[in-house]
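Written out below as structure tokens is the structure these notes cover.
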Amino acid sequence: MSKSINYKSLRTIALTLLIALVLIINQYGTTQDKETSTTPLPSGIIEVHFIDAGQGDSILIETKDSAMLIDTGENQKGIDVVNYLQSQNIKKLDYLIGTHPYSDHIGGLDEVLDSLPVDQVLLPEITNKTATSQEVLDTLAKKNLTITIPEAGSQYNIGDATFTILAPGKAYDDMNDNSLVIKLNFGNNSFLFTGDAEQQSEKDILAKSSDLSADVLQIAHHGSVTSTSQEFLDAVAPAYAVICVGADNDYGHPNEEILQRIKGRSIKLYRTDTQGTIVFTSNGKNISVDTKDYEITDADLID
Ligand SMILES: [Zn+2]
């Protein structure tokens, strides 16, 4: 009798232990699943250089072993951009992007193509040929390079980063609205590059994109009043904004209203005309800026 009770007790203990073991394994498994489902931080860092190209754009993006360049400044600035790439020890570009065929964006593209190897050239469809765009097309033909015309929504990899083409989703009569608009993601950080896209393109981007938020926004069209609508700025809600603009330019860029709009949202503003080249560094979690801090003062708002 006592023997059978002992067996029963042993069975109960064994069963309890088994249940405990199953519970522990389950718990462990759940924890593991949780860990693998969070996005791992990318390795290394990414640098985004807003190169001082006077009244024009040129932005270098560098990861551990890849590089891309968005725009190349005016014709006469091409050599400065090439020198800058050399100073950064860039030997090859994975992507060379011209946002749209105006000379303050693709003027130096032929110099860049002549100075180092390029894997892929991205441009919007060129319907309205300018002398500068013809030079670029001739250089591309000489180099046996074809143009990739990216569709809105297409995504590319550069090292551990990805970039997505947000616009143009269609052809516009206004050349500026045909600018390639690009969102770059690296871990939890993101950057939005806008070329000279104006409010019509912004409106179409807003209608299509579910998440426009970015840590760093390049203020489109050198701070022109025809871009950076209130709605667009609110949707991007950047912590930092950058205006690529030349000192004393003929266009009155950046526009005072746009400066006020940025100031009103407590966004930290950087400008190439007053600060030269501005470099952002991200580890996928935090962003640092390599230039002195610059707040808009009233002096910036007076013509
Ligand atoms: Zn421009």
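The first residue of the sequence shown is numbered 1, and numbering continues consecutively from there. Below, each value reflects all heavy atoms present in this structure, side chains not excepted, and no hydrogens, waters or symmetry copies. Everything quoted here is computed from the prediction, not taken from an experiment. Counting starts at 1 for both ligands and their atoms, following the listed order.
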(Q) I need the NE2(His222)-the Zn ion (ligand 1)-OD2(Asp104) angle, rounded to 10 degrees. (A)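 The two atoms form an angle at the metal of about 90°.
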Q.
Of all the N, O or S atoms in His105, which has the shortest distance to the Zn ion (ligand 1)?
A.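 Distance check against the Zn ion (ligand 1) picks out NE2 in His105.
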Q.
With carbon and hydrogen excluded and only N/O/S kept, which atom of Asp196 is nearest the Zn ion (ligand 1)?
A.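 Distance check against the Zn ion (ligand 1) picks out OD2 in Asp196.
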(Q) Tell me if the centroids of the rings in His222 and His105 come within less than 6.0 Å of each other. (A)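 Yes, the ring of His222 comes within the 6.0 Å limit of the ring of His105, centre to centre.
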**Q.** Option among Phe280, Phe191, Tyr270 that satisfies the ring-ring contact (aromatic ring centres under 6.0 Å, His included) test with Phe50
**A.**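 That would be Phe280; it is the only one of Phe280, Phe191, Tyr270 passing the ring-ring contact (aromatic ring centres under 6.0 Å, His included) with Phe50.
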(Q) By the ring pair (Phe, Tyr, Trp, His ring centres under 6.0 Å) test, which pairs, at least two apart or in different chains, include something from residues 124-144? (A)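 Sorted pair list comes back empty.
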Q) Would you say Gln76 has more than 12 foreign heavy atoms packed within less than 6.0 Å of its CD? A)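 Check passes, neighbour count above 12.
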